[in-house]
J.: 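First, the structure itself, so that you have it in front of you.
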Amino acid sequence: NRYRSLHVRVAPLGSYYVLILCDDFTEARRVEEIRRDFVANVSHELKTPVGAISLLSEAIAGSPDDADAVRRFSGKIAQESSRLTALVQEIIDLSRLQDTAGADDEPVDARDVMSEAAARCRFAADGKDVRLRIEPGDTYCVRGSRELLITAVKNLIDNAVAYSPEHTVVDLWMTGDGDTVRLSVTDQGIGLADEETERIFERFYRVDTARSRSTGGTGLGLSIVKHVAMSHGGSVRVKSAPGAGSTFTLVLPLDAGASPAPDDASNDV
Ligand code: ADP
């Protein structure tokens, strides 16, 4: 069992030393429970859109001459399908994360991560006329997996766009702080109450299921960000208030062996 841990202790007993071998099943049980919960949640989350698609197709088949109903139901099928696609992609991201956590350990340019993540969100941002503005400045070198870090920042930007009104701005900025760098994403969106910010990093947690569903949300995005942050020795924070926008910040340890790269004055993407 790869999750079983064996503790070895040497303890004095009179004039002898005894070797104590202790098998730790507590951690194994905890990991097994998390895995079981995850599979149950994933099954539920996959069944919901599949069930909806099936019902909607039946509805269309039942009233093929009602052009208005056919248009409405087809639109909903397209919406549920894109949710399904997003969910499958995030499950793939999560499993990739679990397989490769700690495997990639290369120097990564934090500004490059931010620009690439923004480029991958541009289509969604353009669709809402949300401007992605990258604040120019120094870059910082971190260590880990470039792809996973891009996935994490992309999830933050995707959310910033999804939970913002049209024609707003999302600011992407970076600050060095001692031996860490902070990659922040600030939106002018709906914001979050304190009790919500405590739970949003849990898998499948969504503040408002109906609203999140209409944005194509899966409830997995932020738990992926948290996993990526933790597997890179960092953390993720949020500062937000209802109606006043949010700032999500990924804090990562700097690569101790690297010096900052020259200034790259990139702006909007
Ligand atoms: P989802 O796929 O539903 O967006 P996430 O794990 O990415 O799932 O986020 C969990 C919940 O946190 C979302 O359903 C949403 O309610 C809230 N949330 C995330 N980012 C933001 C944001 N920038 N502004 C407001 N609410 C947010």
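Numbering of ligands and ligand atoms starts at 1, following listing order.
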J.: Would you mind listing which atoms of ligand 1 come within a distance below 4.0 Å of any non-hydrogen atom of Arg206?
T.: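 Near Arg206, meaning under 4.0 Å from one of its heavy atoms, ligand 1 has 3 (O), 14 (O).
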J.: Could you check which of Val225, Ile224, Ile200 puts a non-hydrogen atom nearest to atom 12 (O) of ligand 1?
T.: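 Shortest heavy-atom distance from atom 12 (O) of ligand 1: Ile200.
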J.: Answer with side chain, backbone, both or neither: which part of Asp187 has a heavy atom less than 4.0 angstrom from an atom of ligand 1?
T.: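 The side chain, only.
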J.: Is it true that, when you exclude Asp129 itself, more than 12 heavy atoms of the residues, nucleotides or ligands shown sit nearer than 6.0 Å to its CG?
T.: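 Correct, the count exceeds 12.
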J.: Nearest 0.5 Å, what's the OH-CG distance between Tyr140 and Leu252?
T.: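 One finds 13.0 Å between OH of Tyr140 and CG of Leu252.
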J.: Please indicate whether any nitrogen or oxygen in Phe248 is less than 3.5 Å from any nitrogen or oxygen in ligand 1.
T.: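 Among all N and O atoms of Phe248, none is under 3.5 Å from an N or O of ligand 1.
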J.: Give the atom numbers and elements of ligand 1 that come within less than 4.0 Å of a heavy atom of Gly219.
T.: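 Near Gly219, the atoms of ligand 1 are 1 (P), 2 (O), 3 (O), 6 (O), 8 (O).
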J.: Show me which atoms of ligand 1 lie under 4.0 Å from any heavy atom of Gly221.
T.: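 Counting from 1, the qualifying ligand atoms are 5 (P), 6 (O), 7 (O).
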J.: Which distance, rounded to the nearest 0.5 Å, do you find between the CH2 of Trp173 and the CG of Leu183?
T.: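 Spacing of CH2 (Trp173) from CG (Leu183) equals 10.5 Å.
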J.: Do any N/O atoms on Leu192 end up under 3.5 angstrom from N/O atoms on ligand 1?
T.: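 N/O-N/O distance under 3.5 Å: no.
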J.: So, 4.0 Å and heavy atoms of Ser246: is ligand 1 close enough to count as a contact?
T.: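 Contact present.
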J.: Are any of the N/O atoms in Glu90 less than 3.5 Å from those in ligand 1?
T.: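 Between Glu90 and ligand 1 (N or O atoms, distance only) the closest approach is not under 3.5 Å.
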J.: Please answer whether the main-chain N or O of Gly245 pairs with a side-chain N or O of Ser240 as donor and acceptor at a distance below 3.5 Å.
T.: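 A pair under 3.5 Å: yes.
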J.: Which of the atoms in ligand 1, numbered in the order shown and given with their element, are less than 4.0 Å from a heavy-atom of Leu220?
T.: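 Matching atoms, with element in brackets: 6 (O), 8 (O).
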J.: Decide whether an N or O pair under 3.5 Å exists between Tyr205 and ligand 1.
T.: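 Not met; the criterion fails.
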J.: Check this for me: does any side-chain nitrogen of one of Arg146 and Asp109 sit under 4.0 Å from a carboxylate oxygen of the other?
T.: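 Salt bridge: no.
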J.: Is the backbone of Ala59 close enough, under 3.5 Å, to the side chain of Ser63 for a donor and an acceptor to pair up by distance?
T.: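 Checked: pair present.
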J.: Thinking salt bridges, do Glu147 and Arg120 make one under a 4.0 Å N-O criterion?
T.: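 Arg120 and Glu147: salt-bridged.
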J.: Would you call Lys76 and Glu80 a salt bridge, using N to O less than 4.0 angstrom?
T.: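 Salt bridge flag = no for Glu80 with Lys76.
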